[in-house]
There are 2 protein chains.
Amino acid sequence: MIPSQMLKGILEGCVLGVISLRETYGYEISQTLAQYGLGNITEGTIYPLLLRLEKNKLVTARYLESAQGPKRKYYALTPAGQQEFTQFQESFDALSGAVQQLFSACAVQQKQQGEDL
Amino acid sequence: MIPSQMLKGILEGCVLGVISLRETYGYEISQTLAQYGLGNITEGTIYPLLLRLEKNKLVTARYLESAQGPKRKYYALTPAGQQEFTQFQESFDALSGAVQQLFSACAVQQKQQGEDL
DNA sequence: GATAAGTATATTGTAATACAAGATAGTGCG
DNA sequence: CGCACTATCTTGTATTACAATATACTTATC
């Protein structure tokens, strides 16, 4: 399981990514994230996040009927949202690269300590 | 620049990693993190984090004299800290893998939309 | 010897955000 | 009707990165 603290700031970018795949709604986004292995994102997380994105004009929303259950609120990226997602990708790649480099240094160090025994 | 929100929960694991490289102190850890490209982690971030690690028995601390400036507080990993770092590496790899997979799907989608023009 | 810069640790308060818990509501099945 | 599944939203809480500030030691500069 990915710790919830580790998701901070990353989840928002991932949600933008999921929406970029196609117009979708909160409940489905939560399931899609789980499929990608990003953990079980609950309603208390996803809906405030979506309202925040909408308020910040990164996504637009419209209600559509559903064959089963209540109306769904479908989200789509705005140009600003697309730009924000591109920037998130760059930031995450930078972060990921830096952390991987640190991990490599730690692995080397551990190997040396093992050889010293 | 890596956004500060993206560091949440990741910074702690990275600090454990830096300490695993060698016994070190707050000021130097901050500089080491910057060298790895993890941004400028300020005092207001690093010292509370180190106190937290110490309180949670993930690191031990001892004061040593410095040739220049006041005493330094050197930190070393406990077995629990080493274990926590290993777990952090697994979690981060899982997260990183999931996000990269999402990015790939988004890239495919963008390429298709481009071809549709 | 006063002043500033670099080294070093710590505290307080603030903002961002993931999540649990619970409310509301529609559909379909036994 | 009650239960499960679908679907959205709100409230309150905990975590945590960071700015700002305080403290203190050493060395160099004026």
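Letters A, B, ... are given to chains in the order of the sequence lines, protein chains preceding strands, and every chain is numbered from 1.
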- Anything under 30° is parallel, anything over 60° is perpendicular, the rest tilted; go ahead and classify B:Phe92 against A:Phe92. parallel
- Message: Side chains of A:Thr42 and A:Ser30, heavy atoms from C-beta outward: is any pair under 4.5 Å?
- Response: no
- Outermost nucleotides of DNA chain C that come under 4.0 Å of a non-hydrogen atom of chain A: C:dT17 to C:dT27
- Please round to the nearest 0.5 Å and tell me the distance separating atom OH of B:Tyr25 and atom OG of B:Ser66. 6.5 Å
- Restricting to pairs with a member in residues 29-39 of chain B, which pass salt bridge (Lys or Arg N to Asp or Glu O under 4.0 Å), not counting sequence neighbours? none
- Query: Within a reach of under 6.0 Å around CD of A:Gln83, are more than 12 heavy atoms found that belong to other residues, nucleotides or ligands?
  - Reply: no
- Rounded to whole angstroms, how far apart are CG on B:Leu11 and P on D:dC18? 7 Å
- Task: Describe the nucleic acid contact of A:Lys73 in one word from base, sugar-phosphate, nothing, applying a heavy-atom distance below 4.0 Å.
- Result: sugar-phosphate
- Using a cut-off of 4.0 Å on non-hydrogen atoms, how would the nucleic acid contact of A:Tyr74 be classed: base, sugar-phosphate, or nothing? nothing
- Item | Beyond-backbone contact of B:Leu102 with A:Thr32, side-chain heavy atoms, under 4.5 angstrom | no
- Message: Treating A:Thr45 as the side-chain partner and A:Ile41 as the backbone partner, does any N or O pair qualify as donor plus acceptor under 3.5 Å?
- Response: no
- Who pairs with A:Tyr75 by ring-ring contact (aromatic ring centres under 6.0 Å, His included), at least two apart in sequence or on another chain? none
- Nucleic acid contacts - residues 40-52 of chain A versus DNA chain C, non-hydrogen atoms under 4.0 Å: A:Ile41, A:Thr42, A:Gly44, A:Thr45, A:Leu49, A:Arg52
- Task: Could you list the residues that satisfy side chain to side chain contact (heavy atoms under 4.5 Å, CB included) with B:Glu65, not counting sequence neighbours?
- Result: B:Lys71
- Task: Give the B/S/- string for nucleotides 24-30 of chain D, one per nucleotide from 5' to 3', where a protein heavy atom under 4.0 Å of the base yields B, of only the sugar-phosphate yields S, and otherwise -.
- Result: BBSS---
- Taking all atoms of both residues into account, what is the closest heavy-atom pair of A:Val99 and B:Cys14, and its distance? CG2-SG, 3.9 Å
- Partners of B:Tyr27 by ring-ring contact (aromatic ring centres under 6.0 Å, His included), sequence neighbours excluded? none
- Task: Starting at atom CD of A:Glu65, determine the distance to atom P of D:dT8, rounded to an integer number of angstrom.
- Result: 13 Å
- Task: Could you list by number each residue of residues 81-89 of chain A showing a heavy-atom separation from DNA chain D of less than 4.0 Å, or answer none if no residue does?
- Result: none
- For residues 34-63 of chain A, which residue pairs qualify under ring-ring contact (aromatic ring centres under 6.0 Å, His included), counting only residues two or more places apart or in two chains? none
Enumerate, atom names and distances included, each donor-acceptor pair closer than 3.5 Å involving a side-chain atom of residues 50-62 of chain A, sequence neighbours excluded.
| residue | atom | partner | partner atom | Å |
| --- | --- | --- | --- | --- |
| A:Arg52 | NH2 | A:Glu12 | OE1 | 3.4 |
| A:Glu54 | OE1 | A:Lys73 | NZ | 3.2 |
| A:Asn56 | ND2 | A:Arg52 | O | 3.3 |
| A:Arg62 | NE | A:Glu23 | OE2 | 2.7 |
| A:Arg62 | NH2 | A:Glu23 | OE1 | 2.8 |
| A:Arg62 | NH2 | A:Glu23 | OE2 | 3.3 |

- Task: Residues of residues 12-38 of chain A with any non-hydrogen atom less than 4.0 angstrom from an atom of DNA chain D: list those, numerically ordered, please.
- Result: A:Tyr25, A:Gly26, A:Tyr27
- Measure the shortest side-chain to side-chain distance between A:Leu11 and A:Leu38 over non-hydrogen atoms and say whether it is less than 4.5 angstrom. no
- Note on the structure: Residues pairing under side-chain hydrogen bond (donor to acceptor under 3.5 Å, both in side chains) where one sits in residues 85-98 of chain A, two or more places apart or in two chains, turn out to be A:Asp93-B:Gln100, A:Ser96-B:Ser96
